[in-house]
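First the proteins, then the strands, lettered A, B, ... as listed; each starts at 1.
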Amino acid sequence: MKKTIQPFNKKILDLVKKIPKGRVTTYLEIAKKLGNPGLARAVGNSLNKNPHFLKIPCHRVIKSNGEVGGFALGTDKKLKYLRAESVIVRNGRVLDFEELLYKFN
DNA sequence: AGTAAGGCGGGCA
DNA sequence: GTGCCCGCCTTAC
């Protein structure tokens, strides 16, 4: 098996790193940006397996339906970080996440 | 609303 | 090196 697919992860890292503070994005957006919406799982998988936590604000990435989704360190942590960035979270769901959604162009 | 199946990369056996 | 199972999801039944 070859090594880590650079384009895939790199793209994810690049996109996620570009998310402004207090802004969020969805796995779907990233997946679509990568060329295939079906990549959603693979996207989260990479963020989870890869120790990019110090470099990538994974907590700014949520599910496409507004739920914060999961988090390697714990969903509660994710909520905490989001709140710390002025993102209002209610019962695991981001309020007006559509407005906070950072769309890559 | 809940459950099941799906396409994709990564990690471990 | 190859194969199988899993996963921070999405969509359809």
Side-chain angles (χ1 to χ4, degrees):
Chain A
M1 185 189 265
K2 290 183 63 65
K3 300 210 47 184
T4 309
I5 296 179
Q6 305 283 346
F8 188 74
N9 275 33
K10 191 175 185 299
K11 191 86 180 213
I12 297 173
L13 300 180
D14 191 55
L15 291 173
V16 177
K17 281 190 300 188
K18 287 183 173 62
I19 303 174
K21 187 174 183 292
R23 215 36 83 73
V24 297
T25 193
T26 70
Y27 298 103
L28 228 191
E29 281 297 316
I30 298 174
K32 286 194 294 189
K33 216 84 259 168
L34 294 179
N36 184 348
L39 283 173
R41 262 168 49 174
V43 173
N45 194 24
S46 288
L47 293 174
N48 182 24
K49 296 297 185 66
N50 286 311
H52 302 317
F53 275 86
L54 299 176
K55 307 183 295 190
I56 310 298
C58 306
H59 57 276
R60 289 180 189 159
V61 186
I62 62 178
K63 300 208 295 187
S64 62
N65 71 308
E67 294 180 24
V68 293
F71 199 56
L73 303 183
T75 321
D76 55 316
K77 283 277 191 180
K78 192 168 184 174
L79 295 173
K80 183 163 149 286
Y81 289 127
L82 287 172
R83 287 174 181 170
E85 298 189 353
S86 306
V87 178
I88 310 303
V89 181
R90 214 53 173 177
N91 291 324
R93 268 161 228 126
V94 178
L95 298 186
D96 301 316
F97 83 98
E98 297 180 331
E99 297 178 33
L100 296 176
L101 225 184
Y102 179 74
K103 306 223 174 183
F104 308 102
N105 187 32

How many Å lie between [atom1] on [X] and [atom2] on [N], as a whole number?
X	N	atom1	atom2	answer
A:Lys10	B:dG9	NZ	P	18 Å
A:Lys32	C:dC9	NZ	C1'	13 Å
A:Leu34	B:dG9	CG	C1'	11 Å
A:Glu29	C:dC9	CD	C1'	14 Å
A:Glu67	B:dA1	CD	C1'	13 Å
A:Leu39	C:dC9	CG	P	14 Å
A:Leu28	B:dC8	CG	P	14 Å
A:Lys11	B:dG9	NZ	C1'	17 Å

Cluster link A:Leu101 to A:Leu79, ILVMFWY, side chain under 4.5 Å: yes
Honestly curious: do A:Ile56 and A:Leu39 fall in one hydrophobic cluster under the side-chain, below-4.5 Å linking rule? yes
Sort out the partner of C:dG7 for me: Watson-Crick or G-U wobble, both distances under 3.5 Å, none otherwise. B:dC8
Are any non-hydrogen side-chain atoms of A:Asp76 and A:Phe71 less than 4.5 angstrom apart? no
Are OP1 or OP2 of C:dT10 and a side-chain N or O of A:Ser64 less than 4.0 angstrom apart? yes
Check whether any side-chain nitrogen or oxygen of A:Asn36 sits under 4.0 Å from OP1 or OP2 of B:dC8, and answer yes or no. yes
Under 3.5 Å donor-acceptor, A:Lys77 side chain and A:Ala72 backbone: no
Would you check if the side chain of A:Lys21 reaches a backbone N or O of A:Glu85 as a donor-acceptor pair within less than 3.5 Å? no
Do the side chain of A:Arg41 and the base of B:dG7 come within less than 3.5 angstrom through a donor-acceptor pair of N or O atoms? yes
Tell me if the side-chain of A:Asn45 makes a donor-acceptor pair with the base of B:dG9, cut-off 3.5 Å, by modelled atom types. yes
Measure from the side-chain heavy atoms of A:Ala40 and tell me the nearest of C:dT10, C:dG7, B:dG9. C:dT10
Regarding the side chain of A:Asn9, the nearest nucleotide among C:dT11, C:dC9, B:dG10 is B:dG10
Along DNA chain C (nearest heavy atom to each residue), the more 5'-positioned of A:Ile62 and A:Val43: A:Val43
